[in-house]
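Next up is a structure, given as structure tokens.
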There are 2 protein chains.
Amino acid sequence: MVTESPAVTSAGSPPGDHDLEPRSTRERILDISLDLFTSQGYDKTSLRQIAERLGFSKAAIYYHFASKEEILLALHLRLHEFGREALAQLDSSEATPEVWASLLDRMIEQMLSQRALFIFHERNQAAIENLHQERHEADHDDLQMRFRQALSNRELPIEVRVRMACAIGAVMGSIAFAGDVFGDVPSDELGAMLRGAVGSLLELPSS
Amino acid sequence: MVTESPAVTSAGSPPGDHDLEPRSTRERILDISLDLFTSQGYDKTSLRQIAERLGFSKAAIYYHFASKEEILLALHLRLHEFGREALAQLDSSEATPEVWASLLDRMIEQMLSQRALFIFHERNQAAIENLHQERHEADHDDLQMRFRQALSNRELPIEVRVRMACAIGAVMGSIAFAGDVFGDVPSDELGAMLRGAVGSLLELPSS
DNA sequence: GTCTATATAGGGATAGAC
DNA sequence: GTCTATCCCTATATAGAC
């Protein structure tokens with residue numbers, strides 16, 4: 001699959017310039033794909049299905065995206081935007097529990113405003129990881145990678161690192177694992193509770 | 001897909017009786033599949049690949065499993081065994097924070113002794129959920145479903161339910177999300193830390 | 001930009017020899 | 001129990017008309 005793409009347009013810019021129209025077909029494709037990929041999974045979703053919902057035919061999609069994988073990538077990058085500042089924070093300072101807490105603090109807002117995107121991401125981990133193995137932009141750009149990296153930092157005691165892992169797990173779990181269980185809870189309330197939970201996890205008696 | 005299977009052998013018992021041999025081909029197929037499904041994802045793994053590793057041909061697998069999905073199911077059921085007692089506990093009593101804590105207490109041991117299985121499960125959520133939608137044994141048997149059900153219980157205050165979700169997220173995240181980051185930490189140590197984290201999350205000041 | 005038609009391949013599954 | 005050979009379907013992707 002994907003034997004060799006000679007000139008990858010990276011973020012998936014189509015041949016022509018449709019950057020002019022604010023929310024055009026390209027965005028619609030992404031929205032529909034997000035929906036289908038989340039409910040059925042990436043692999044079980046065919047381009048035909050996507051085209052069906054769009055109202056036009058399969059081949060039309062290829063005008064906007066070079067391949068099915070490009071759609072997945074574009075969606076992944078959408079999510080990625082939200083991780084940019086978090087990454088910056090991880091770059092500038094060591095990942096102490098304090099930094100971690102403020103990092104999660106920001107993330108909670110973003111996750112809550114983009115639940116669908118996170119759930120999609122969680123449910124399609126396998127597909128997305130395959131993407132990373134094929135391209136190589138992943139290594140230091142990817143959020144998850146960077147988190148793992150931070151958690152691997154031997155300079156921090158293992159107790160602290162595990163707590164940090166728990167904190168991120170608690171946040172992601174409450175959104176992704178729980179699915180729509182808390183769907184009716186207002187975001188700011190849920191956010192406050194999650195911040196509280198993170199606080200409980202990271203306030204170590206030893207510090 | 002899977003138009004209608006007239007007589008599903010449920011757990012996937014093969015035509016003949018090979019229950020005699022202790023760890024035969026069937027188990028080897030599962031072991032190899034677990035490995036491949038985890039690293040590449042279910043959909044990207046072909047039966048040919050599995051057969052290759054086994055040392056014999058694709059068609060031979062069909063003697064042991066009626067379909068590729070049966071392999072996935074069998075693997076899912078492996079994991080499921082570990083959730084049985086947890087389910088029993090959820091049945092017998094209301095899911096209070098105390099019950100939840102002791103439930104997670106058990107789960108932590110099991111997850112740590114079966115990390116590979118849990119990681120496989122997490123990375124292939126989409127595929128497994130598709131399985132659930134096709135068959136119908138899922139509804140009240142599935143672990144994840146039951147957890148969500150418990151988290152939906154309106155009789156508990158939302159703060160408590162969110163904390164419970166955080167607790168399970170913390171545990172699963174530290175094992176699945178973190179991947180092999182804590183692979184070198186002895187299970188009993190890691191277990192102790194996770195139990196500590198669960199404790200911090202579930203001990204609410206209000207109680 | 002969107003369509004139809006078509007090329008192509010890969011993978012799941014079956015039949016039947018050994 | 002394992003193998004070979006083969007069927008068949010689906011899905012990606014391309015070519016070219018409109």
Rounded distance in Å - NZ (K68(B)) to P (dT14(C)):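 Whole-Å distance recorded here is 15 Å.
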
Residues in side-chain contact (heavy atoms from CB on, under 4.5 Å) with Q125(B), at least two apart?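 Residues passing side-chain contact (heavy atoms from CB on, under 4.5 Å) with Q125(B): E122(A), R123(A), E122(B), Q144(B).
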
What nucleotide among dG1(D), dG1(C), dA13(D) has an atom nearest to a side-chain atom of Y62(A)?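 It is dA13(D).
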
OP1, OP2 of dT12(D) versus side-chain N and O of S67(A): anything below 4.0 Å?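 For dT12(D), OP1/OP2 do not have a side-chain N/O of S67(A) under 4.0 Å.
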
For residues 29-39 of chain A, pull every pair meeting salt bridge (Lys or Arg N to Asp or Glu O under 4.0 Å), keeping only residues two or more places apart or in separate chains.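 Found R23(A)-D31(A), D31(A)-R78(A), D35(A)-R53(A).
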
In whole angstroms, how far is the P atom of dT2(D) from the CZ atom of R28(B)?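 In whole Å, dT2(D) P lies 8 Å from R28(B) CZ.
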
So, R84(B) and D142(B), do they make that salt bridge, N to O below 4.0 Å?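 Looking at R84(B) and D142(B), the cut-off is not met.
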
In this structure, how many angstroms lie between the C1' atom of dT12(D) and the CD atom of E70(A), rounded?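 Distance check: E70(A) CD to dT12(D) C1' gives 14 Å.
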
Rounded interatomic separation in angstrom, taking CD1 from I71(A) and C1' from dA13(D):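 Checked: the CD1 to C1' distance equals 12 Å.
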
In whole Å, what is the span from the CZ atom of F65(A) to the P atom of dG1(C)?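 After rounding, the reported distance stands at 14 Å.
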
Nearest-Å distance, CG (D43(B)) to P (dT10(D))?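 Interatomic distance, CG of D43(B) to P of dT10(D): 16 Å.
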
Which residues pass the side-chain contact (heavy atoms from CB on, under 4.5 Å) test with L190(A), sequence neighbours left out?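 L190(A): side-chain contact (heavy atoms from CB on, under 4.5 Å) contacts with L112(A), R115(A), F182(A), V185(A), L194(A), V162(B).
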
Under the side chain to side chain donor-acceptor pair (under 3.5 Å) rule, collect the residues that match up with Q49(B), sequence neighbours excluded.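 If we apply the side chain to side chain donor-acceptor pair (under 3.5 Å) test to Q49(B), skipping adjacent residues, the hits are Q40(B).
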
Could you pull out all residues at least two apart from D188(B) that satisfy salt bridge (charged side-chain N to carboxylate O under 4.0 Å, His left out)?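 Partners of D188(B) by the salt bridge (charged side-chain N to carboxylate O under 4.0 Å, His left out) criterion come out as none, since no residue qualifies.
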
Specify the angle, to 10°, made by the local axes at the two ends of the helix from dG1(C)-dC18(D) to dC18(C)-dG1(D) when five pairs are taken at each end.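 The value is 10°.
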
So, is Y63(B) close to the dG1(D) phosphate, meaning a side-chain N or O under 4.0 Å from OP1 or OP2?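 Yes, within the criterion.
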
Taking only residues two or more places apart in sequence or in another chain, which ones pass side-chain contact (heavy atoms from CB on, under 4.5 Å) with S152(A)?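 side-chain contact (heavy atoms from CB on, under 4.5 Å) check on S152(A) returns V181(B).
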
Which residues in residues 52-61 of chain B have a heavy atom closer than 4.0 Å to any atom of DNA chain C?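 The stretch gives K58(B), A59(B) as the residues lying under 4.0 Å from the strand, ordered by number.
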
Please report the distance, rounded to the nearest Å, between CZ in F37(B) and P in dG11(C).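 It is 13 Å, rounded to the nearest whole Å.
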
With respect to the phosphate group of dG10(C), does any side-chain polar atom (N or O) of S46(B) fall under 4.0 Å of OP1 or OP2?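 Negative; the distance criterion is not met.
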
For the pair made of CG in L47(A) and P in dT14(D), what is the distance, rounded to whole Å?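 Going from L47(A) (CG) to dT14(D) (P), I get 11 Å.
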
Would you indicate whether the side-chain heavy atoms of Q110(A) and E85(A) approach each other to under 4.5 Å?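 Yes. Closest side-chain heavy atoms under 4.5 Å.
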
What's the closest nucleotide to the side chain of H64(B) if the choices are dG12(C), dG1(C), dT2(D)?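 Closest of the options to the side chain of H64(B): dT2(D).
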
For A86(B), all residues meeting side-chain contact (heavy atoms from CB on, under 4.5 Å), sequence neighbours excluded: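 With sequence neighbours excluded, A86(B) shows a side-chain contact (heavy atoms from CB on, under 4.5 Å) to L103(B), given in chain and number order.
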
